[in-house]
Amino acid sequence: MIDLTDVTKTYVMGDSTVYALAGVSLSIAEGEFAAITGPSGSGKSTLMNILGCLDRPTSGSYRLDGQEVASLSDDQLAWTRNKKIGFVFQNFNLLTKLSALQNVALPLVYAGVEKTQRLEKAAQALARVGLEERKHHLPTELSGGQRQRVAIARALINDPAIVIADEPTGNLDTKSSLEIMDIFCRLHEQGRTIIMVTHEPDIAAYAKRVIHVRDGNITRDECK
Ligand code: ADP
Ligand code: ADP
């Protein structure tokens, strides 16, 4: 499903070139649950941005379901992203003036789904993460764990094959973190592909594969 071959990403800083990714080759099959770990500045975010079609490689190949991502136009890239990938962020990225239900329904607005159907689907998505009772709450009226569950419901609303999560438990206490990992494990059991960045070994341990990045290279890749 995901095939990176010799991918580099460079940033030009004055006279010098920073290799955020220095020639990464990586395959991730449909249904895998992979954690990406590594020290700060090692290239994890850059790798996630490329995998998530938020950014393109400087060189090398990224094939997603056989499609070469580098050759897509900006519109095609955005379309691929919206159709295939759900994102979960450390800071939840919810809109503060919208209720849980409205936040979850938002991707359906962009997809042109009619309002009644939108709210119905969003309510179902919230029920699946155990938040049906909280659907009219604003993000500020929810705990961190509840906010992240809203974000997960939003990430899943278009039924993406791949979920990309960047430090999904980075702002959560232990109990909420475990609740979030339970949800990810359930999604994995349902066959969804999950790629998660974390620097916490306890959290990485939930994944079935741990990919370690250092200085823009994959230095370890272990399956359980
Ligand atoms: P991580 O997510 O592991 O902390 P990043 O992917 O954010 O690592 O960064 C990898 C390297 O690329 C770092 O040296 C960082 O300073 C550099 N980098 C990332 N983004 C940019 C950017 N927009 N401009 C310049 N350098 C960047
Ligand atoms: P739950 O029934 O999901 O266990 P809690 O008993 O944890 O909910 O929370 C009760 C109420 O307090 C909820 O409406 C929730 O929004 C709010 N709440 C819980 N934890 C926090 C928090 N850390 N910050 C703000 N509000 C919170």
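Worth saying up front: this structure is predicted, and the values here are computed from it rather than measured. Just follow the structure's listing: the first ligand is 1, and inside any ligand the first atom is 1.
For Arg214, the CZ atom is loosely surrounded, since the number of other residues' heavy atoms within 6.0 Å does not exceed 12. The environment of CD in Glu30 is sparse: at most 12 heavy-atom neighbours from other residues, nucleotides or ligands sit within 6.0 Å.
Taking every heavy atom of both residues into account, Pro57 and Tyr62 meet most closely at CG-CB, 4.3 Å.
The list of ring-ring contact (aromatic ring centres under 6.0 Å, His included) pairs with a residue in residues 10-32, not counting sequence neighbours, is empty.
Sorted by chain and number, the residues within 4.0 Å of ligand 1 by heavy atom are Tyr11, Met13, Val18, Ala20, Pro39, Ser40, Gly41, Ser42, Gly43, Lys44, Ser45, Thr46.
Each of Thr219, Thr37, Ile36 was evaluated against Val213; a single residue qualifies, Ile36, per the side chain to side chain contact (heavy atoms under 4.5 Å, CB included) test.
Residues Lys175 and Glu179 are paired through a salt bridge, judged by an N-O separation under 4.0 Å between the basic side chain and the carboxylate.
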